[in-house]
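Below: one structure, written as structure tokens.
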There are 2 protein chains.
Amino acid sequence: MRIGELAARVGTTTRTLRYYESRGLLPARRDGNGHRTYDEGDVRLLEQIRTLQDFGFELEETRPFVECLRSGHPAGDSCPASVAVYRRKLAELDALIGELSAVRDQVGAQLVRAERAMAELAADAGAPGGPEPVCELKGWSG
Amino acid sequence: MRIGELAARVGTTTRTLRYYESRGLLPARRDGNGHRTYDEGDVRLLEQIRTLQDFGFELEETRPFVECLRSGHPAGDSCPASVAVYRRKLAELDALIGELSAVRDQVGAQLVRAERAMAELAADAGAPGGPEPVCELKGWSG
DNA sequence: GTAGACGTTGACGTCGGGGTCAAGGCCAGC
DNA sequence: GCTGGCCTTGACCCCGACGTCAACGTCTAC
């Protein structure tokens with residue numbers, strides 16, 4: 001199988017496959033013309049990469065899974081290194097979700113506050129009023 | 001006040017201030033030497049920008065807040081355009097948190113599955129065993 | 001007068017994951 | 001012979017928010 005066929009089979013582009021090869025992730029054999037040649041094993045490797053990519057794994061993070069498959073294991077995550085990546089990713093996701101949730105709550109509170117302040121300003125346009133309290137967002141350095 | 005002093009006061013760099021100016025976000029007056037000159041109002045604008053940036057707002061998203069302040073409002077979010085950005089950001093955050101949580105659960109499930117499979121393989125090393133079922137991650141295109 | 005700390009502009013590098021040419025080789029069918 | 005489709009390599013482009021460097025001007029202190 002050549003590069004165009006492989007790309008079509010897994011739903012990606014030839015450029016992407018060459019990029020993976022340049023990263024040492026998916027090396028290819030060559031035929032007499034210098035054209036890249038792939039087999040069914042490469043299809044599996046590529047599907048593993050794409051699946052993890054779809055989950056937000058970086059390309060480098062898919063490497064243990066690919067090497068695990070290439071070393072003969074039935075699944076890419078049948079190796080300690082792959083499981084370690086799972087665990088690291090899980091921790092990252094938990095941390096990120098926690099931070100984003102905190103930001104979400106702060107932004108939500110600011111939204112409520114800003115809407116109330118604007119409503120009061122509009123009401124004060126026809127009534128007596130003093131200075132409004134001004135709250136500030138407290139930064140989140142992440 | 002010149003650029004270095006302003007940068008120090010809000011805890012950023014001169015490069016960043018010049019970048020903001022190049023984006024039209026924080027224009028500066030010039031003194032006789034061509035040096036940028038800032039006042040207290042610019043400190044407020046910059047603090048508004050930085051606060052929103054810390055919350056993950058893109059630079060362009062801070063523009064309504066800055067213009068709101070510059071037009072004389074007591075707070076950057078006292079304008080409809082700013083409130084609209086709040087709302088948009090809130091929706092984005094909710095969507096992102098939802099997607100990340102789904103991914104988190106899938107990765108967590110895969111982790112458990114992979115660990116169990118490896119434990120069984122280890123146990124099978126000394127006992128009779130057949131082929132293990134192999135589950136695959138189903139992709140999340142987001 | 002000279003060192004050092006500031007300022008200026010402009011240009012290029014970074015990170016990830018490729019997209020998009022450009023110039024050419026190889027092979028099939030008409 | 002010629003067109004069309006596939007392949008090759010190399011090179012530059014994109015996003016965002018700056019970092020870093022070069023080469024130079026300006027101001028202050030000793």
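Because the structure is predicted, anything quoted here is derived from the model rather than measured. Below, each value reflects all heavy atoms present in this structure, side chains not excepted, and no hydrogens, waters or symmetry copies. Lettering of chains follows the sequences in order, A, B, ..., and the numbering in each one begins at 1.
- Atom CG in D54(A) sits about 13 Å away from atom P in dG17(C), given to the nearest Å.
- Looking at the side chain of R15(B), the nearest of the listed nucleotides dC18(D), dC26(C), dT9(D) is dC18(D).
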May I have the step-by-step check of salt bridge (charged side-chain N to carboxylate O under 4.0 Å, His left out) for R2(B) and D31(B), ending in yes or no?
CA-CA 9 Å; R2(B) 292 190 298 175; D31(B) 66 11; 5.2 Å; no
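- Within 4.0 Å of R30(B), counting heavy atoms only, lie sugar-phosphate atoms of the nucleic acid but no base atom.
- Rounded to whole Å, atom P of dT8(C) lies 7 Å from atom OH of Y38(B).
- Positionally, the nearest nucleotide of DNA chain C for G4(B) lies more toward the 5' end than for the other of G4(B) and Y19(A).
- Spacing between atom CG of L17(B) and atom P of dG19(D) amounts to 10 Å, rounded to whole angstrom units.
- The CD1 atom of I49(B) sits 14 Å away from the C1' atom of dC18(D) (whole-angstrom rounding).
- The pair E92(B)-K89(B) meets the salt-bridge criterion, with a side-chain N (NZ, NE, NH1 or NH2) lying under 4.0 Å from an Asp/Glu carboxylate O.
- The shortest distance between side-chain heavy atoms of L100(A) and R104(A) does not fall below 4.5 Å.
- Taking the side chain to side chain contact (heavy atoms under 4.5 Å, CB included) definition, one finds that E115(A) meets it with L111(A), V83(B), R87(B), sequence neighbours left out.
- An angle of 40°, rounded to 10°, separates the two end axes of the helix from dG1(C)-dC30(D) to dC30(C)-dG1(D), each defined over five pairs.
- Here D39(B) pairs with R29(B) in a salt bridge; the nearest charged N to carboxylate O distance falls below 4.0 Å.
- Salt-bridge formation is detected for the pair R63(B)/E60(B): a Lys NZ or Arg NE/NH1/NH2 atom is positioned less than 4.0 Å from an Asp or Glu carboxylate oxygen.
- For I3(A), the side-chain atoms get nearest to dT8(D) when compared with the rest of dT8(D), dG16(D), dC18(D).
- Atom pair E5(A):CD and dC6(D):P shows a separation of 11 Å (rounding to whole Å applied).
- Residue T13(B) places at least one side-chain N or O closer than 4.0 Å to OP1 or OP2 of dG19(D).
- Note on R50(B): every side-chain N or O is 4.0 Å or more away from OP1 and OP2 of dA17(D).
- In this structure, E21(B) pairs ionically with R30(B), as a charged nitrogen and a carboxylate oxygen lie closer than 4.0 Å.
- R2(A) comes within 4.0 angstrom of the backbone, heavy atoms only, and of no base.
- Using a 4.0 Å cut-off, some side-chain N or O of N33(B) falls inside it from OP1 or OP2 of dC27(D).
- With DNA chain C read from its 5' end, the first of the two nearest nucleotides for L59(A) and G34(B) is the one closest to G34(B).
- Residues F57(B) and L45(B) do not share a hydrophobic cluster, clusters being chains of Ile/Leu/Val/Met/Phe/Trp/Tyr side chains in contact below 4.5 Å.
- Here the nucleotide nearest the side chain of H35(B), chosen from dC18(D), dG16(C), dT8(C), is dT8(C).
- Counting any heavy atom pair closer than 4.0 Å across all strands shown, R18(A) reaches a base atom.
- Rounded to whole Å, atom P of dG17(C) lies 8 Å from atom OH of Y20(A).
- In this structure, L6(A) atom CG and dC7(D) atom P are separated by 10 Å, rounded to whole Å.
- Between the CD atom of E21(B) and the P atom of dT8(C) there is a distance of 8 Å, given to the nearest Å.
- Residue Q53(B) places at least one side-chain N or O under 4.0 Å from the OP1 or OP2 atom of dC18(D).
- With dG7(C), dT8(D), dG19(D) as the candidates, the nucleotide lying closest to the side chain of T16(B) is dG19(D).
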